[in-house]
Amino acid sequence: MNNGKQRLLGMTLAELKEAVLALGMPAFTAKQVAQWLYVKKVKSIDEMTNLSKQNRERLSEEFEVGAMAPIDCQRSKDGTVKYLFPVENNHFVETVYIPDGERATLCVSCQVGCKMNCLFCQTGKQGWQGNLTAADILNQVYALPEAESLTNIVFMGQGEPMDNLDNVLRATEVLTADWGYAWSPKRITVSSVGVPNKLKRFLDESQCHVAISMHSPIHEQRLRLMPAERAQSIEQTVELLKQYDFTHQRRCSFEYICFSGLNDQPLHAREIVKLLDGLECRVNLIRFHQIPDVDLPPSDEQRMEAMRDYLTHHGVFTTIRASRGQDIFAACGLLSTERLNIKD
């Protein structure tokens, strides 16, 4: 957005109230604006017809709704759709819509690229080019053609949510507040590799589900796969999670990409059981989708099923996640806008 106006999209009720009061409007106008934004999902301030013409004009001088339609989409043979959204500072991010019967999940991005540089992730190879604002995060929902069919949102697209925590929390507040989308936080899952202090703050300030990228229960091996292990080990992350209650509706899960001969052996299964003992959680085993210049072979189906069965037998509820959108590079770990984000 280059017209100098601020975006209403992404603003909380408190921020909207501050904005309308600064323009000399009554405080209750903020709730009206929030309803037009998050319930009726208007595209322009002119559509906010229960505001006086004078107030609409006054608001339009400083603000705009700020919704931006996707500029491209790719459709997979399995029904998955990958959208390309423009974001501030002339960058782009990818967002994945995954329909599955009565369920429809949106995988949103929170950063342009990622600092975590996990060995197996295409987004990490892109490097980090900036945080998304709350407006940019919410726009992926707001401007999605299939928005009305959504049942779930996962923060598992480009970026590490804990590395952009303020904007992620602001976006989830809008999604769950009664003045916003009024979604149950149980419809939203936020992923993380485990970031010191930030993960604890998220667990304290949000009731959304949490998904931790594990990929190995063994410190030295996880460190080779995921540099973030140095800052906060998987053992420290699990110890932190054990301080919270996941025995009711809030869910804790672990993402585990399986690499043949590397992290899919009986040793790893035993170590996972030991690591997660006492924590109410589930494990999602994920097929590895190979990326250029990374020599990691994917596990075969038999090995993944054996691992699933061992974990489940030993009290760790485990599933093998169905792979979606691989033919359009929309599957786990494949999102990248590196080429588009290179400046001329």
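Source: prediction; values computed, not measured. When a residue number appears, it is its place in the shown sequence, counting from 1.
The existence of a salt bridge linking Glu271 and Lys274 is confirmed by a sub-4.0 Å separation between a basic side-chain nitrogen and an acidic carboxylate oxygen. Salt-bridge annotation for Lys242 and Glu239: present, with a side-chain N of the basic residue lying under 4.0 Å from a carboxylate O of the acidic one.
Taking a 6.0 Å sphere around CD of Gln249, one finds it holds 12 or fewer heavy atoms contributed by other residues, nucleotides or ligands. Residue-environment remark: CD (Gln243) exceeds the threshold of 12 foreign heavy atoms within 6.0 Å. A 6.0 Å sphere centred on NZ of Lys43 holds more than 12 heavy atoms belonging to other residues, nucleotides or ligands.
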Side chain to side chain contact (heavy atoms under 4.5 Å, CB included) evaluation trace for Ile45 with Val33
CA-CA 9 Å; Ile45 291 169; Val33 173; over 6 Å; no
What do the steps show when you test Gln111 against Val87 for side chain to side chain contact (heavy atoms under 4.5 Å, CB included), and what is the final call?
CA-CA 10 Å; Gln111 294 182 309; Val87 297; over 6 Å; no
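Checking side-chain atoms of Tyr142 against main-chain N and O of Val42 turns up a donor-acceptor pair under 3.5 Å. Between the side chain of Asn164 and the backbone N or O of Leu132 there is at least one donor-acceptor pair closer than 3.5 Å. Checking side-chain atoms of Gln158 against main-chain N and O of Glu94 turns up a donor-acceptor pair under 3.5 Å. Judged purely by atom type and a 3.5 angstrom limit, Asp300 uses its side chain to pair as donor or acceptor with the backbone of Arg303.
Residue pairs meeting the side chain to side chain donor-acceptor pair (under 3.5 Å) criterion with at least one member in residues 179-199, sequence neighbours excluded: Glu160-Ser192.
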Enumerate, atom names and distances included, each donor-acceptor pair closer than 3.5 Å involving a side-chain atom of residues 304-318, sequence neighbours excluded.
from: Thr312; atom 1: OG1; to: Arg308; atom 2: O; distance (Å): 2.9
from: His314; atom 1: ND1; to: Tyr310; atom 2: O; distance (Å): 2.8
from: Thr318; atom 1: OG1; to: Val316; atom 2: O; distance (Å): 2.8

Show which side-chain atoms of residues 220-227 pair as donor or acceptor with protein atoms under 3.5 Å away, not counting sequence neighbours.
from: Gln221; atom 1: OE1; to: Ser216; atom 2: OG; distance (Å): 2.7
from: Gln221; atom 1: OE1; to: His268; atom 2: NE2; distance (Å): 3.0
from: Gln221; atom 1: NE2; to: Leu262; atom 2: O; distance (Å): 2.6
from: Arg222; atom 1: NE; to: Met214; atom 2: O; distance (Å): 2.9
from: Arg222; atom 1: NH1; to: Glu229; atom 2: OE1; distance (Å): 2.5
from: Arg222; atom 1: NH2; to: Val193; atom 2: O; distance (Å): 2.9
from: Arg222; atom 1: NH2; to: Ser213; atom 2: O; distance (Å): 2.6

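Apart from Ile218 itself, the hydrophobic cluster it occupies contains Leu267, where clustering links Ile, Leu, Val, Met, Phe, Trp and Tyr at side-chain heavy-atom distances under 4.5 Å.
With sequence neighbours excluded, no residue satisfies side-chain hydrogen bond (donor to acceptor under 3.5 Å, both in side chains) with Lys40. Residues satisfying the salt bridge (Lys or Arg N to Asp or Glu O under 4.0 Å) test with Glu301, not counting sequence neighbours, are Arg287.
Side chains of Asn167 and Thr133: no donor on one and acceptor on the other come within 3.5 Å.
Below 30°, between 30° and 60°, or above 60°: for Phe259 and Phe120 the angle between ring planes is between 30° and 60°, a tilted geometry.
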